[in-house]
Number of protein chains: 2
Amino acid sequence: MAAIEPLDAPQRLAAQPLYAKVREALVGRLISGIWKPGQMLPSEFAIADELGVSQGTVRKALYEMTSQGLLIRRQGRGTFVNESEDKSILFRFYRLTSDDEQNVESRSFPQSKYLSRALQSANPQEQDLFNLESGAQVWHFERLRSENEQPILVEKLVLPQNRFPDLDEQKDLPNNVYRFYGAQYGIIVARVEEKLRAVTAPAHVSKHLGLKVNAPVLEIDRRAYALDGKIVEWRVSLCRSDTMHYRNELK
Amino acid sequence: MAAIEPLDAPQRLAAQPLYAKVREALVGRLISGIWKPGQMLPSEFAIADELGVSQGTVRKALYEMTSQGLLIRRQGRGTFVNESEDKSILFRFYRLTSDDEQNVESRSFPQSKYLSRALQSANPQEQDLFNLESGAQVWHFERLRSENEQPILVEKLVLPQNRFPDLDEQKDLPNNVYRFYGAQYGIIVARVEEKLRAVTAPAHVSKHLGLKVNAPVLEIDRRAYALDGKIVEWRVSLCRSDTMHYRNELK
DNA sequence: AAGTGGTCTAGACCACCGC
DNA sequence: CGGTGGTCTAGACCACTTA
């Protein structure tokens with residue numbers, strides 16, 4: 001275990017507060033893997049002694065890491081490295097949940113089956129959305145997503161060709177496209193805006209989802225924004241609403 | 001200015017922590033208007049002396065109110081009641097927007113027409129939701145909400161009678177019920193959880209909204225949580241989806 | 001009973017603001 | 001300069017969990 005030298009004494013001289021240094025030291029241990037997911041941390045007093053600060057200072061650092069989701073603290077038990085974090089990043093932008101609310105831990109990320117792929121000229125709406133010249137091209141993908149063998153939704157993805165060149169050489173997009181955008185093109189999706197509506201399922205959608213004709217489905221119209229603030233993906237999903245729902249929390 | 005008696009001494013006996021009582025006392029002053037938007041609060045030490053607690057305890061209460069957006073604190077200046085909150089707070093939990101996206105500033109808050117009101121025994125689901133004894137009672141309200149003369153949604157509100165006594169003396173609930181909960185009962189809604197589905201409108205709903213039979217509508221099942229983490233309101237709204245949508249942003 | 005996190009206190013000093 | 005919030009400490013006691 002890598003030794004960590006005692007932090008500076010109380011004087012902080014217009015620099016970082018001491019608890020911030022403590023937090024960084026502790027986050028470092030998480031990153032370096034000294035403390036692994038699920039593992040219990042030493043007690044507040046043990047950490048305080050080791051780093052040469054008071055318990056209260058360690059408390060504040062641990063509190064911040066807890067509200068950030070890195071740690072889980074339970075009175076009488078101890079402080080633990082949050083292991084559900086790894087999974088939850090998968091579900092960051094995925095708000096659909098089965099009605100029979102199984103525990104979040106065991107959830108499986110939905111799989112994808114691609115139905116179609118096309119490169120075509122952007123229509124006026126798409127030109128406006130992606131700020132494209134007339135005649136520029138966009139990719140269209142349609143895919144069916146399923147969770148535990150049950151079909152969940154049919155969705156259309158639209159990507160501007162100029163930010164995603166060379167896609168024609170791919171046989172299919174991978175299942176987790178946002179990870180792919182980052183790994184292949186350096187495009188990090190920072191936030192998404194969604195508009196939700198209830199609509200009547202078109203025939204081919206109700207067929208794919210195994211719904212009866214004219215069944216109501218949830219339409220999610222999503223625009224995904226990269227770190228530079230530009231739209232990088234437009235997505236319209238039609239989701240079954242008989243066994244699934246969209247959950248949201250407002251604060 | 002209403003005098004506030006000193007809070008209990010350090011012993012808290014399995015009840016609320018002291019800083020929570022301090023926070024409630026301070027929130028009470030905001031609600032009652034003793035402290036008005038933009039006004040500067042007394043110093044931490046002054047509040048601590050008055051309430052008979054230590055500065056650190058007041059700090060924790062002020063910190064929570066700050067992260068909740070009620071207060072603004074500036075080093076060297078003081079602590080102030082947040083005044084920018086007032087407008088946006090109206091739409092804090094209201095995510096429905098007209099499709100013809102007029103500017104947000106000029107939006108009118110939807111009006112309410114109450115359709116029914118009843119006090120009845122809680123069914124098993126309601127008992128479970130509000131953690132009620134068998135035989136406890138709940139209020140049911142049904143109302144139609146409209147924006148600019150157009151009917152938007154029909155919703156059912158369920159409130160536990162034990163947290164909302166004396167409601168039968170009211171002719172109707174006001175339009176902005178969350179403000180009413182705070183002003184009348186000191187209940188601050190801190191967050192809400194929503195589940196969204198697409199459903200087929202029941203006959204009486206499609207009639208109220210002027211939709212054709214079996215039109216798809218957006219169902220929003222909302223549980224509102226008070227500062228103490230307990231559920232204080234259950235609400236199921238059925239919203240027209242032909243001219244409105246639910247907007248959401250994920251980061 | 002022992003060990004953990006949670007709360008509370010009293011006091012000290014620092015950094016920032018406005019007069 | 002005086003007053004404000006921001007940080008830090010040392011010590012005390014409480015509440016919860018596990019053995």
Side-chain angles (χ1 to χ4, degrees), chain A residues 6-26 29-30 35 38-82, chain B residues 6-26 30 35 38-82 227-229:
Chain A
L7 303 171
D8 293 346
Q11 65 271 21
R12 42 191 188 76
L13 297 171
Q16 275 177 308
L18 189 51
Y19 68 79
K21 290 186 184 171
V22 172
R23 187 192 59 216
E24 287 182 5
L26 301 184
R29 298 190 184 187
L30 297 184
W35 290 333
Q39 185 175 339
M40 179 176 165
L41 268 59
S43 75
E44 296 177 346
F45 281 103
I47 297 175
D49 281 355
E50 187 194 354
L51 299 183
V53 302
S54 79
Q55 180 215 16
T57 303
V58 173
R59 269 193 86 70
K60 184 146 188 173
L62 293 176
Y63 175 79
E64 291 193 348
M65 294 170 71
T66 303
S67 33
Q68 204 186 330
L70 295 174
L71 302 177
I72 292 179
R73 317 192 71 194
R74 269 176 296 187
Q75 191 176 56
R77 294 274 317 269
T79 301
F80 302 84
V81 181
N82 187 351
Chain B
L7 303 171
D8 293 346
Q11 65 270 20
R12 42 190 188 76
L13 299 173
Q16 271 177 311
L18 188 52
Y19 67 79
K21 290 184 184 171
V22 172
R23 186 192 60 213
E24 288 184 6
L26 301 184
L30 296 184
W35 289 334
Q39 185 175 341
M40 179 178 167
L41 269 60
S43 76
E44 296 178 347
F45 280 104
I47 297 175
D49 281 354
E50 186 194 356
L51 299 182
V53 301
S54 79
Q55 180 214 16
T57 302
V58 173
R59 269 192 86 70
K60 185 147 187 171
L62 292 176
Y63 175 79
E64 290 195 347
M65 294 170 71
T66 303
S67 30
Q68 205 190 326
L70 295 175
L71 302 177
I72 292 179
R73 317 192 70 196
R74 269 176 294 188
Q75 192 176 54
R77 294 278 313 273
T79 301
F80 302 83
V81 182
N82 187 349
L227 280 175
D228 61 8

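Every chain is numbered from 1 and lettered A, B, ... according to where its sequence line falls, protein lines coming before strand lines.
Counting any heavy atom pair closer than 4.0 Å across all strands shown, A:Tyr19 reaches sugar-phosphate atoms only and no base atom.
Defining each end axis of the helix from C:dA1-D:dT18 to C:dG18-D:dC1 as the rotation carrying four pairs' C1' atoms onto the next four, with five pairs an end, the two axes are found to diverge by 10° to 10 degrees.
For the segment residues 55-64 of chain A, the set of residues with a heavy atom within less than 4.0 Å of an atom of DNA chain D comprises A:Thr57, A:Lys60, in numerical order.
Here the P atom of nucleotide C:dA2 and the CZ atom of A:Phe45 are 17 Å apart, to the nearest Å. Residue A:Met65 contributes atom CE, which lies 16 Å from atom C1' of C:dG5 at whole-angstrom precision. A:Lys21 has its NZ atom 13 Å from the C1' atom of D:dT7, to the nearest Å. A straight line from CG of A:Asp49 to P of C:dT4 spans 12 Å, rounded to a whole angstrom.
Note that the CG atom of A:Leu26 and the CD atom of A:Glu64 stand 11.0 Å from one another [nearest 0.5 Å]. Distance check, rounded to the nearest 0.5 Å: CZ of B:Phe45 to CD of B:Glu50 gives 15.5 Å. Annotation: the span from A:Arg73 atom CZ to A:Glu44 atom CD amounts to 4.5 Å, rounded to 0.5 Å. A distance of 11.5 Å separates OG of A:Ser54 from NZ of A:Lys60, quoted to the nearest 0.5 Å.
The side chain of A:Val53 has D:dT9 as its nearest neighbour among D:dT9, C:dG5, D:dT7.
At a threshold of 4.5 Å between non-hydrogen side-chain atoms, the residues A:Met65 and A:Leu30 count as touching. In this structure, the side chains of B:Thr66 and B:Leu71 come closer than 4.5 Å at one or more pairs of heavy atoms. The shortest distance between side-chain heavy atoms of B:Tyr19 and B:Val53 does not fall below 4.5 Å. Between B:Leu62 and B:Leu41 there is a side-chain heavy-atom pair separated by less than 4.5 Å.
Contact record, B:Gly69 with B:Asn82: O-ND2, 3.0 Å, taken as the closest heavy-atom pair. The minimum heavy-atom distance between A:Met40 and A:Gly78, with the atom names listed, is CE-CA, 4.0 Å.
A side chain to side chain contact (heavy atoms under 4.5 Å, CB included) with B:Val58 is found for one member of B:Asp49, B:Ile47, B:Thr79 and no other, namely B:Ile47.
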What N/O pairs connect the protein and nucleotides 1-4 of chain D at under 3.5 Å? Give each pair on its own line.
| from | atom 1 | to | atom 2 | distance (Å) |
| --- | --- | --- | --- | --- |
| D:dG3 | N2 | B:Gly76 | O | 3.1 |
| D:dT4 | O2 | B:Gly76 | N | 3.2 |

